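What follows is a set of notes on a single structure, which appears directly below.
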Amino acid sequence: MVDGIERDVISTSGYLGTDRLDPAVIRAMRSVPREQFVPRRLWPYAYLDSPLPIGSGQTISQPYIVAVMSHLAGVKAGERVYELGTGSGYQAAVLAAMGAEVYSVEIVPALAARAAATLARLGYDKVHVRAGDGYLGWPEAAPFDAVVVTAAHPAIPQPLIDQLKVGGRLVMPVGDTDETQRLTLLTKQPDGSLKRRRVLPVRFVPITGDGARGVSPPDGAGAEDSAR
């Protein structure tokens, strides 16, 4: 799988601006057992470079995309990362294997509970998962060195910008969900603005929840049903 990712990086180097990913990403991709993050019936397909269904209408992302997003996030050991959209927990596990402490929010409670259990069983004790509206971030754990958004939206969620450190990186598919989006790297500037770099055309499921719809949550609703 990783050999295939490295070949794909070379073939898409014009988009990525590099023909080689961060070695920490490659080590993490080799170390995380992807089959543990998909349903058992899909284990024979776990190492194909393809998204796979994980239930509740959600998917585990294509390994190449996970690797590229991890590379763009520029995570260093000891840094703190926020993830919107835990899914099965695979992206969080890769970030943790790179040495990050990860705070991840999943809007589907059943997926959040399953991901938290999988990550705990596999020993990823620096990943914290809870169910809630990921658009709102995890304010009490902020500020974050990096933010990884695994669902698409036309605009960057303002709470995530607010919770990102100056100089921090935010990686997100930007665009409408009924069309191809653009995987985008945003870097927070000292004045709070974002320097934007459009990278790859991608297709992701949409961000859901009241935050993405512009509905103000009730007091205390930013994080529900703590899973871990």
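Computed from a predicted model, the values in this text were never measured in an experiment.
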Rounded distance (nearest 0.5 Å) linking atom [atom1] of [X] with atom [atom2] of [Y]:
X: L42; Y: I60; atom1: CG; atom2: CD1; value: 10.0 Å
X: D125; Y: E101; atom1: CG; atom2: CD; value: 8.5 Å
X: D210; Y: L136; atom1: CG; atom2: CG; value: 8.5 Å
X: I65; Y: S70; atom1: CD1; atom2: OG; value: 10.5 Å
X: H128; Y: T86; atom1: NE2; atom2: OG1; value: 12.0 Å
X: T208; Y: Q58; atom1: OG1; atom2: CD; value: 7.0 Å

With a sphere of 6.0 Å drawn around [atom1] of [X], does it hold more than 12 non-hydrogen atoms of other residues, nucleotides or ligands?
X: Y47; atom1: OH; value: yes
X: R121; atom1: CZ; value: yes
X: R198; atom1: CZ; value: no
X: R20; atom1: CZ; value: no

Original post:
Are S88 and L111 close enough, and set up right, to give a side-chain contact (heavy atoms from CB on, under 4.5 Å), and what steps lead you there?
Top reply: CA-CA 6 Å; S88 69; L111 288 181; over 6 Å; no
What are the two closest non-hydrogen atoms of [X] and [Y], and how far apart are they?
X: A96; Y: V127; value: CB-CG2, 3.6 Å
X: V102; Y: A92; value: CG2-O, 3.9 Å
X: T18; Y: H71; value: CG2-NE2, 4.0 Å
X: A115; Y: G87; value: CB-O, 3.6 Å
X: R182; Y: Y15; value: NH1-CE2, 3.9 Å
X: S193; Y: D191; value: OG-OD1, 2.6 Å

Original post:
What orientation do H153 and Y135 show, parallel under 30°, tilted 30 to 60°, or perpendicular over 60°?
Top reply: perpendicular
Original post:
What orientation do F144 and Y82 show, parallel under 30°, tilted 30 to 60°, or perpendicular over 60°?
Top reply: tilted
**OP:** List the steps, then state whether side-chain contact (heavy atoms from CB on, under 4.5 Å) holds for T184 with M172.
**Re:** CA-CA 5 Å; T184 303; M172 173 180 169; 5.7 Å; no
Is it possible for you to say whether [X] and [Y] belong to one hydrophobic cluster, with membership spreading through side-chain heavy-atom contacts below 4.5 Å?
X: L122; Y: I54; answer: yes
X: V166; Y: V147; answer: no
X: V32; Y: L52; answer: yes
X: V171; Y: L200; answer: yes
X: Y90; Y: L48; answer: yes

Donor-acceptor check, side chain of [X] to backbone of [Y], threshold 3.5 angstrom: yes or no?
X: R34; Y: A46; result: yes
X: Q181; Y: F204; result: yes
X: R169; Y: G74; result: yes
X: S13; Y: D19; result: no
X: D133; Y: G209; result: no
X: T150; Y: L84; result: yes
X: K126; Y: G99; result: no

Test item: [X] and [Y] side chains (from C-beta on) under 4.5 Å apart, heavy atoms:
X: D162; Y: P139; result: no
X: S50; Y: Q62; result: no
X: R203; Y: T180; result: yes
X: L186; Y: I156; result: yes
X: T12; Y: Y64; result: yes
X: V25; Y: M98; result: yes
X: R196; Y: V174; result: yes

Subject >> L170 and L194: CA distance, side-chain angles, deciding distance, side-chain contact (heavy atoms from CB on, under 4.5 Å) verdict >> reply: CA-CA 9 Å; L170 189 155; L194 295 173; 5.7 Å; no
Subject >> Trace of the side-chain contact (heavy atoms from CB on, under 4.5 Å) decision for V75 with V148 >> reply: CA-CA 10 Å; V75 174; V148 175; 5.9 Å; no
Original post:
In terms of side-chain geometry, is the basic nitrogen of R30 or D3 positioned less than 4.0 Å from the acidic oxygen of its partner?
Top reply: yes
Subject >> Sole candidate of E106, E140, E83 that passes salt bridge (Lys or Arg N to Asp or Glu O under 4.0 Å) when paired with R130 >> reply: E140
